[in-house]
Amino acid sequence: MLSEQELLRRTKREELMRMGIDPYPAELFDFTHTTQHLRDAFAHKAARSPAGANTQGGYESHLDLSADPTYGQVRMAGRLMGFRIMGNASFAEVQDSAGRMQLYFRRDDLCPGDDKTMYNTVFKKLLDIGDIIGVEGHVFTTMTGELSLYVKQFKLLTKSLRPLPVVKEVVNEQTGEKEIYDAFTDPELRYRQRYVDLIVNPHVRETFIKRSKLVNSIRQYLTDKGYLEVETPILQPIHGGAAARPFVTHHNTLDMTLYLRIANELYLKRLIVGGYDGVFEFAKDFRNEGMDRTHNPEFTQVEFYVAYKDYNWMMDTIEEMVEKVAIDVTGTTKVTVGPNVIDFKRPWKRLTMFQAIQEFTGVDVSEMEEDSLRDVAESRGIKTDSSMGKSKLIDEIFGEACEPNLIQPTFITDYPVEMSPLTKKHRSKPGLVERFEAICNGKEIANAYSELNDPIDQRARFEEQLELARRGDDEAMAMDEDFLRALEYGMPPTAGVGLGIDRLAMIMTNQPSIQEVLFFPQMRPEKKSEVSTEADFVAAGVPVQWVLAVQQLGFMTVAQLQAANPNKLFNDLGGVRKKLKMSEVPMPKIEEVREWVG
RNA sequence: GAUCUGGUAGCUCAGUGGGUAUAGCAAUACACUUUUAAUGUAUGGGGCCUGGGUUCGAAUCCCAGCCGGAUCACCA
């Protein structure tokens, strides 16, 4: 059922059409300025001294640009976000992509002749908050120093049929801080209707602009180094490159199972085999696993692979790149995240995994066998079971003792070989691989290797994964014969990395949840409760005039009505008839009511 | 998956000895020619998430479910 306000807006839409005003005109609207342009252009007119600063808007008062060649005739477009109507003159707020600006409408300037319809009817009666309009006029400031547009003409560009949440913001005179009233904060509504969130919450729009800057910063860095941006398959016959459960789909023509990629690693390495020195891809990956504050089923990584390099080189590169990202996105290397200030300035701390464990637990686990490791884990409250081998136990201890405490960006290096089937064995440390993770704010943001390029060793590692799969590990990697074939032709020594864009965006924008850096985070579908239409009720025998009354009594579906007690319904209808002022509609007979119920 | 917590008007929310529901913004009407959370007066607007139960009577108490959020577990 439509709300009162929605019905009214639909009526206004019709009324406009009757007046010959198209609420959804086809032709373009050529605006000359945005709010950003104007604020920048008048920045030097901003009142700077506190002496004359009791101005609301912060600009010199009484600027009048009506004769100015540029600002005497300005066209702007945007969404109406508020009205202050005062008889024959009014103020309104328009919001465009950059922000808000005040509009001034004066009846006799808008309508110089006798016909005051455009002001009295179209502007005052038929426009609503949320409508999109184009305006033309000159720039001026009011007595209070608010930069404004003196509107001489306006044109409706889009009628909005749903009422928008109205968020009001006021600057506290004592503290000078902004206070927000009636903020639109319900996370469910914000995520399901992100468009509303973006209209009403400027800081949300800002977060996503920063995310875009972050991606651009990385793209620019990698492109400037001469690496090639590529695209590789999202639909893959074999999912590889990470340990995760995939989403499964089916191709009808080929009649085959395909997987949404969990990583693109193996394809990028094929391109290194093909002879490119460096390739990268911003990749949406899909993992069929749990969702929480840091996991969404689809997420973005940038993976890149560079020939003739190793993981030490990659650490230098990641440091340099992320430091640049921090500066490009936030203007500084020091980023506030929750209660912490994280400094991305190079160089970052580097610890081997064993060093990290020793630093946070005081225990040297580097020479330990499985039993001792199990004791260490148990002593720290980690639940263990017999299926957990050495490397799993080390990983658990690290995850419990170290990772959450690594707030400043830190490289953790040299992981146990069992957990890294695509990584080259360490050049000098047996049992370890040349791998690092970059940890920041207690969470992994990047994972990198000296890539394994010995095809015989790679095959053996895949075999181990198959063994794990046979024992029931549904995240074990699958054998990829084509990838092995590529390695057999020869892949140069290569360094590769995957960097989580969402996690990095959370840090750079100080957001506690991944949902805040994804426009449309995954949600359970909203379920509309079943409601019968007017036509359904009429079809069931209820006269049109009585449908509303029946709905008022709580019968939202025909089925509910048919389960009703006809005598009680008959009585209740009498009451509703009075309430709805239906005196001109005759009361139905009890027999008729019985027929509705059926 | 477990525990905790929430779901009342377009939005933000009040509402337990159980008695058809509060307020602000938004809306409608009138007034008001530089206001800025504009103001003043009046008015309208509700399947109290859904379904059961207890009761003469449920937004409120009980049970089950649906959809969020937080924490933990699992998972990278």
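A note on names: the letters A, B, ... follow the listed sequences, proteins ahead of strands, and every chain is numbered from 1.
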Should the pair Glu6(A)-Arg162(A) be classified as a salt bridge under the 4.0 Å nitrogen-to-oxygen rule? yes
Relative to the 5' end of RNA chain B, which residue comes earlier, Phe398(A) or Tyr150(A), by the nucleotide with the nearest heavy atom? Tyr150(A)
Say we look at U20(B) and A64(B): how far apart would their C1' atoms be, to the nearest angstrom? 26 Å
With sequence neighbours excluded, what pairs up with Asp395(A) under the salt bridge (charged side-chain N to carboxylate O under 4.0 Å, His left out) test? none
Considering only atom C1', compute the distance from A58(B) to U8(B) and round it to an integer number of Å. 14 Å
For A23(B) and C32(B), measure between their P atoms and round to the nearest Å. 29 Å
According to salt bridge (charged side-chain N to carboxylate O under 4.0 Å, His left out), who are the partners of Asp292(A), at least two apart in sequence or on a separate chain? none
Using every non-hydrogen atom in the two residues, find where Phe140(A) and Asp64(A) come nearest and quote the distance to one decimal. CB-CA, 4.2 Å
Residues Glu378(A) and Arg374(A) bridged, charged N to O under 4.0 Å: no
Can you name the ring pair (Phe, Tyr, Trp, His ring centres under 6.0 Å) partners of Phe91(A), sequence neighbours left out? Tyr104(A)
For U28(B) and A59(B), measure between their P atoms and round to the nearest Å. 31 Å
Who pairs with Arg380(A) by salt bridge (charged side-chain N to carboxylate O under 4.0 Å, His left out), at least two apart in sequence or on another chain? Glu400(A)
Proximity to the side chain of Leu8(A) - top-ranked nucleotide from U34(B), G68(B), U28(B): U28(B)
Does U34(B) adopt a syn or an anti glycosidic conformation, taking syn as a chi angle within 90° of 0? anti
Closest to the side chain of Thr142(A), out of U35(B), G68(B), A27(B), is U35(B)
Residues two or more places apart in sequence or in another chain: which of them pass ring pair (Phe, Tyr, Trp, His ring centres under 6.0 Å) with Tyr181(A)? none
pair_partner(C25(B)), Watson-Crick or wobble, both distances < 3.5 Å, evaluates to G10(B)
5'-most contact on RNA chain B: Lys168(A) or Gln515(A), nearest heavy atom basis? Lys168(A)
State which residues pass salt bridge (charged side-chain N to carboxylate O under 4.0 Å, His left out) with Lys159(A); sequence neighbours excluded, sorted by chain then number. Asp128(A), Asp131(A)
Nearest-Å distance, CD1 (Ile514(A)) to C1' (A70(B))? 17 Å
Can you tell me how far C1' of U33(B) sits from CE of Met86(A), to the nearest Å? 7 Å
What one-letter contact string describes nucleotides 5-11 of chain B from 5' to 3', where B marks a base within less than 4.0 Å of any protein heavy atom, S marks contact via sugar-phosphate atoms alone, and - marks no contact? -----BS
Those residues at least two apart in sequence (or on a different chain) that pass side chain to side chain donor-acceptor pair (under 3.5 Å) with Asp96(A) are Thr35(A)
Would you state whether a donor and an acceptor, one from the side chain of Gln102(A) and one from the base of U35(B), lie under 3.5 Å apart? yes
Looking only at atom P, what distance separates C63(B) and C4(B), rounded to whole Å? 12 Å
With sequence neighbours left out, write down each residue that passes side chain to side chain donor-acceptor pair (under 3.5 Å) with Thr423(A), or none if nothing qualifies. none
With sequence neighbours left out, what residues match Phe123(A) under ring pair (Phe, Tyr, Trp, His ring centres under 6.0 Å)? Phe83(A), Phe105(A), Tyr119(A)
Short side-chain N/O contact to C66(B) OP1/OP2 from Arg524(A), under 4.0 Å: no
Collect all protein-nucleotide pairs involving nucleotides 72-75 of chain B in which both atoms are nitrogen or oxygen and the distance is under 3.5 Å.
unit_1	atom_1	unit_2	atom_2	d
C75(B)	O3'	Glu475(A)	OE1	2.4
C75(B)	O3'	Glu475(A)	OE2	2.7
C75(B)	O2'	Glu289(A)	OE1	2.9
C75(B)	O2'	Glu289(A)	OE2	3.2
C75(B)	O2'	Glu475(A)	OE2	3.1

Residues of residues 114-127 of chain A with any non-hydrogen atom less than 4.0 angstrom from an atom of RNA chain B: list those, numerically ordered, please. Lys125(A)
